[in-house]
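Numbering of ligands and ligand atoms starts at 1, following listing order.
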Amino acid sequence: MEHTGNKTENTKATALITAVHRERYEILVEQETSDTKLNARLKTGVYYQDKGGEAFPTVGDRVRIQTNRCGDALILETLPRTSVFYRENPTPGMERQAVAANFDYVFLVMSMNHDFNQNRLDRYLTAAWESGATPVVILTKKDLCEEPEYYVNLVERQAPGVAVCAVSAVTGEGMEHVQRYLGAGKTVVLLGSSGVGKSTFVNALCGETVMDTGAIREDDSKGRHTTTYRQMILLSDGSRVIDTPGMRVLGVGDAKCGMDTTFSDIEELAQHCRFRDCRHEKETGCAVQEAVRDGRLPERRLLNYKKLLAEAAHAKRREETARKKQLRSVERKKNPVRKKQYKAE
Ligand SMILES: Nc1nc2c(ncn2[C@@H]2O[C@H](COP(=O)(O)OP(=O)(O)OP(=O)(O)O)[C@@H](O)[C@H]2O)c(=O)[nH]1
Ligand SMILES: [Zn+2]
């Protein structure tokens, strides 16, 4: 679509991104009478981008669009997000990418069997708190588990105050407890490793099969990397479920805030260490090590804390370098003539 700047030809509106493909977006234009589904494109010369690559729209984003009389939609700008998940950019040196936005709850899906892993739960909790949304732990395969209370207690001790639902997507047991997080206008995103039952769970929420069991992938033009197809599932009660296969391998990113909340017990103990910059190794007067010695803090938890902290510091350094690089490149690509024309409307 040519950008004419003629008001009678082009209409502006806001829309919701419901799926991201390699070169197009599926959007929902919310209107008073009914919502309209459209395909939209993004042209980097027109798209308003002051934050570098991470501001490119993703599933769940609200965007400002412009449509012409033929119904072609062009994305002009991504509106501020209330919550967001990022993933590392597959291209080295490039900024992280947003993979889901504007969700209310993060469902941390884990199965109640030998796959259950406390370190993984810490990682998910950190990412969830960092995203700006509220985590809810969904423990699956209740019908196969002899002692679901064991897992529920474990989670409640590890994540005080976080809601836990034990469910069977096969028998429907416990699914009613999940309903309070759904409803018109609510959006949830699922986090969980392969095989824990995410697709089965989503199908049970929908009451029909909307998800295959395998991740959906599209090859890119080079056929070397795979890009991930991200989508939002609209439930009949008006709630939305975001499934993004890319998030199954989530890093914690620069997760200072998420770490503070997930490991508030360690942060609290650290207040009592003799040295303010205590690394909780062999320093004298380390209150954290003391808690490990007398059994108040599991050593596993401290080791995982240090591991995630190191990962977060590394991610932060990498992100800062990439951001500077990308901002320089955006500056170079800016077309002042085009920009002026768009602003003048
Ligand atoms: N008995 C029982 N089996 C379940 C339940 N939920 C999932 N399963 C089974 O567990 C297997 C994996 O379930 P999926 O829903 O494909 O798991 P997923 O997390 O979506 O896996 P990926 O698509 O690989 O990410 C399937 O064989 C399901 O039938 C449950 O609540 N009870
Ligand atoms: Zn210490």
Asks: Taking heavy atoms and a distance under 4.0 Å, where does Leu144 meet ligand 1: side chain, backbone, both or neither?
Replies: side chain
Asks: Would you please test Ser111 and Tyr151 for side chain to side chain contact (heavy atoms under 4.5 Å, CB included) and show each step?
Replies: CA-CA 9 Å; Ser111 51; Tyr151 291 97; over 6 Å; no
Asks: Tell me whether Gly192 reaches ligand 1 (any heavy atom closer than 4.0 angstrom to a ligand atom).
Replies: no
Asks: Kindly determine whether Leu235 and Leu205 satisfy side chain to side chain contact (heavy atoms under 4.5 Å, CB included), including the steps that lead there.
Replies: CA-CA 8 Å; Leu235 304 190; Leu205 287 179; 4.2 Å; yes
Asks: Using a 4.0 Å heavy-atom cut-off, say whether Val170 meets ligand 1 through its side chain, its backbone, both or neither.
Replies: both
Asks: Please work out whether any backbone atom (N, CA, C, O) or any side-chain heavy atom from C-beta onward of Ser193 is under 4.0 Å from ligand 1, and answer side chain, backbone, both or neither.
Replies: backbone
Asks: Take the Zn ion (ligand 2) and tell me which protein N, O or S atoms are nearer than 2.8 Å.
Replies: Cys273 SG, Cys278 SG, His280 ND1, Cys286 SG
Asks: With a 4.5 Å heavy-atom cut-off, do Asn117 and Leu121 have their side chains touching?
Replies: no
Asks: Applying the 4.5 Å side-chain criterion to the ILVMFWY set and letting contacts propagate, would Leu144 and Ile138 be lumped into a single cluster?
Replies: no
Asks: Can we say Asp122 and Arg300 salt-bridge, meaning some charged N sits less than 4.0 Å from an Asp/Glu carboxylate O?
Replies: yes
Asks: Would you please name every residue forming a salt bridge (Lys or Arg N to Asp or Glu O under 4.0 Å) with Arg120, sequence neighbours left out?
Replies: none
Asks: Determine, considering heavy atoms only, which of Ala169, Ser111, Gly195, Ala204 sits nearest to atom 21 (O) of ligand 1.
Replies: Gly195
Asks: Do any side-chain atoms of residues 170-188 form donor-acceptor pairs under 3.5 angstrom with protein atoms, and if so which ones, sequence neighbours left out?
Replies:
from, atom 1, to, atom 2, distance (Å)
Thr171, OG1, Ser168, OG, 3.1
Thr171, OG1, Glu173, N, 3.3
Glu173, OE2, Lys142, NZ, 3.4
Glu176, OE1, Gly174, N, 3.4

Asks: Below 4.0 angstrom from a heavy atom of Lys198, which ligand 1 atoms are there? Numbered from 1 as shown, please.
Replies: 15 (O), 17 (O), 18 (P), 19 (O), 20 (O), 25 (O)
Asks: Please tabulate, one pair per line, all N/O donor-acceptor pairs under 3.5 Å involving side-chain atoms of residues 271-286, not counting sequence neighbours.
Replies:
from, atom 1, to, atom 2, distance (Å)
Glu283, OE1, His280, N, 3.4
Glu283, OE1, Glu281, N, 2.7
Glu283, OE2, Arg279, N, 2.8

Asks: Measure the shortest side-chain to side-chain distance between Arg123 and Glu311 over non-hydrogen atoms and say whether it is less than 4.5 angstrom.
Replies: yes
Asks: Report yes if Lys141 has an N/O atom closer than 3.5 Å to an N/O atom of ligand 1; otherwise report no.
Replies: yes
Asks: Among Leu38, Thr14, Thr36, which residue meets the side chain to side chain contact (heavy atoms under 4.5 Å, CB included) test with Ile27?
Replies: Leu38
Asks: With respect to Thr140, determine whether any N or O atom, backbone or side chain, lies less than 3.5 Å from an N or O atom of ligand 1.
Replies: no
